[in-house]
Colleague: 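The following block contains the structure, expressed as structure tokens.
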Amino acid sequence: MFEKSDEQLIVKALQGNKKAWLDLLKRYEKQIYNYGMRMTGKNEDALDLMQEVFISVFRNLASFRSDGSFRSWLFRIAHFRCIEFYRRKRPMQGLEDEPELVCANPSVDENLSTAQENKQLIVAMQQLPLAQKSVVELKFFGQFTFEEIAHQMGTSVNTAKSRLYVALDKLKILMEVEYA
Amino acid sequence: MPNSKLANPEKSPPNNSEMSNGESNDVSNETLLGLWLDDDLNEKQRQEFEQRCISDLSFSQQVETANVLNMQANSYQDSAVPNWDRAASFTQTEKPKWWQWQGLPSLSLAMSVFAVVMVLTGVNIKVKDGAMAVSLSNQTNMQEIDRLVASKLAEYTNHQQQVLNEYALSMQQQQLDTSTQLTEYLLTASRQERREDFAELIKYVNEQRSDDQNFYARQLNKLQQDIYATPEPLSVGNIK
């Protein structure tokens with residue numbers, strides 16, 4: 001059996017084909033869920049974020065233009081949903097602001113159900129500001145180019161590179177502490 | 001899957017034409033690291049990158065951290081997605097049936113109004129030879145009626161004329177027949193009368209002759225008697 005392309009599934013979903021939408025959703029839900037886990041640090045939040053992302057994707061499906069990849073478009077929406085999610089959870093915290101210390105917020109570690117190696121990385125990432133964390137996520141896990149990352153985040157390529165550079169500085173220190 | 005080339009920067013192939021103007025020394029660490037992560041270094045940039053990895057401790061540490069992160073991303077074990085209500089994200093409302101179409105009452109009303117307008121204005125829609133003509137003018141309608149009436153009248157006149165002609169022919173034929181019959185009757189009656197008249201005449205003549213014969217008979221008898229009664233010789237003078 002030939003697997004239907006994203007574009008074919010989207011066309012069918014837009015015509016009201018529920019199965020096509022579910023096929024498309026299942027194709028990407030794992031990536032989005034794990035993206036949510038790394039971005040929020042909690043399974044429950046990751047699940048909530050994933051649901052919000054897919055609801056938003058479905059609502060905006062008609063505006064998707066097939067000149068770019070669906071995956072890139074999906075992660076762009078996921079990024080904006082993630083920002084909104086953070087604003088609801090931490091309305092006083094900016095995207096560039098440092099998050100609260102992990103020790104002051106032990107729920108990250110407690111509420112995370114994943115492999116131990118994953119957990120250490122996720123805990124370290126939670127200590128980065130959202131903007132830097134997003135670049136790390138999209139670059140190393142999403143495997144996007146800086147141009148794609150800049151497009152998804154609505155910034156310039158140089159800004160994206162600067163954020164990653166700063167994030168790597170912090171992660172180096174954090175991971176040294178974690179693995180010490 | 002994460003790019004495995006990141007773990008070995010020295011072997012990254014140069015495939016970038018960007019910034020190939022010999023100004024790679026001016027490229028910042030951030031940009032150079034970004035180009036390396038995008039696997040987009042050209043030859044000069046690659047040399048510069050290797051040079052900085054050797055000479056710039058902070059840069060080499062950045063590269064090392066990126067490598068570690070890349071390896072962690074490679075070995076990252078994706079968590080399984082817990083069960084969730086996937087169908088709930090399909091928020092499109094079910095397509096209504098055709099009879100549940102929202103515009104149906106409006107269409108109904110519009111059609112009713114249209115029908116009323118047609119009745120009140122006397123719209124005349126004609127379809128002839130694949131062409132449809134819609135007229136809204138009563139004048140046109142009256143003209144059409146006049147034309148139809150004239151056509152019907154002409155048809156009626158023709159019909160009446162034809163009937164009249166047939167009637168006249170019939171009357172003429174009947175008159176002819178009647179005249180013929182009358183003539184025949186008159187002729188027949190005349191013949192009959194003449195025959196009867198002749199018969200009467202012949203009868204009269206016969207009666208006269210019979211009377212005459214009787215008369216002569218009687219005269220003869222009388223004469224005979226007279227002759228026999230008088231024994232006188234018969235002479236011419238005795239005969240009366």
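All values below were derived from every heavy atom in this structure, side-chain atoms included, with hydrogens, water molecules and symmetry-related copies excluded. Throughout, protein chains are lettered first and strands after them, A, B, ... in sequence-line order, and every chain is numbered starting at 1.
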Colleague: Counting C-beta onward and ignoring hydrogens, is there a side-chain heavy-atom pair between L47(A) and P82(B) closer than 4.5 Å?
Modeller: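 L47(A) reaches P82(B) side chain to side chain.
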Colleague: Top residue by heavy-atom pair count (under 4.5 Å) with chain B, among L22(A), L25(A), I32(A)?
Modeller: L25(A)
Colleague: Under 6.0 Å from the CD atom of Q192(B), do we count more than 12 heavy atoms belonging to anything else shown?
Modeller: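 For Q192(B), atom CD is crowded (more than 12 foreign heavy atoms under 6.0 Å).
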Colleague: Measure the CG-OG1 distance between D169(A) and T65(B) for me, rounded to the nearest 0.5 Å.
Modeller: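 So the CG of D169(A) and the OG1 of T65(B) are separated by 7.5 Å.
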Colleague: How are the rings of F58(A) and F90(B) set relative to one another: parallel (under 30°), tilted (30 to 60°) or perpendicular (over 60°)?
Modeller: tilted
Colleague: Mind ranking K18(A), E52(A), R38(A) by heavy-atom pairs under 4.5 Å with chain B and telling me who comes out on top?
Modeller: K18(A)
Colleague: Please classify the contact between A80(B) and chain A as side chain, backbone, both or neither, with a heavy-atom cut-off of under 4.5 Å.
Modeller: backbone
Colleague: Could you walk me through whether L69(B) and K172(A) pass the side-chain contact (heavy atoms from CB on, under 4.5 Å) check?
Modeller: CA-CA 9 Å; L69(B) 266 177; K172(A) 181 170 70 70; over 6 Å; no
Colleague: Please state whether the side chain, the backbone, both or neither of V157(A) comes within less than 4.5 Å of a heavy atom of chain B.
Modeller: neither
Colleague: Using 0.5 Å steps for rounding, measure from the CG atom of D23(A) to the CZ atom of R86(B).
Modeller: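 With rounding to 0.5 Å, CG (D23(A)) is 11.5 Å from CZ (R86(B)).
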Colleague: Would you check if the side chain of D78(B) reaches a backbone N or O of N34(A) as a donor-acceptor pair within less than 3.5 Å?
Modeller: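 Between the backbone of N34(A) and the side chain of D78(B) there is no qualifying donor-acceptor contact (under 3.5 Å).
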Colleague: Using a 4.5 Å cut-off on heavy atoms from C-beta on, say whether the side chain of Y33(A) contacts that of W84(B).
Modeller: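 With C-beta onward as the side chain, the pair stays apart.
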Colleague: Kindly indicate whether the side chain of L164(A), heavy atoms from C-beta on, has any atom under 4.5 Å from the side chain of L37(B).
Modeller: yes
Colleague: Given a strict heavy-atom distance threshold of 4.5 Å, which part of N29(B) is in contact with chain A: side chain, backbone, both, or neither?
Modeller: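 Looking at N29(B), backbone and side chain both touch chain A.
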Colleague: Less than 4.5 Å to any heavy atom of chain B: does that hold for the side chain of L168(A), its backbone, both, or neither?
Modeller: both
Colleague: With a sphere of 6.0 Å drawn around CD of Q47(B), does it hold more than 12 non-hydrogen atoms of other residues, nucleotides or ligands?
Modeller: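 More than 12 within 6.0 Å, yes.
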Colleague: Got K161(A) and T31(B) here, is their nearest side-chain heavy-atom distance under 4.5 Å?
Modeller: yes
Colleague: Counting only non-hydrogen atoms closer than 4.5 Å, does Q61(B) touch chain A with its backbone (N, CA, C, O), its side chain (CB onward), both, or neither?
Modeller: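 Contact with chain A is through both the backbone and side chain of Q61(B).
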Colleague: When rounded to the nearest 0.5 angstrom, what is the spacing between CZ in F141(A) and CG in N70(B)?
Modeller: 9.5 Å
Colleague: Grab the two heavy atoms, one from S79(B) and one from K30(A), that are nearest each other, plus how far apart they are.
Modeller: O-CE, 3.7 Å
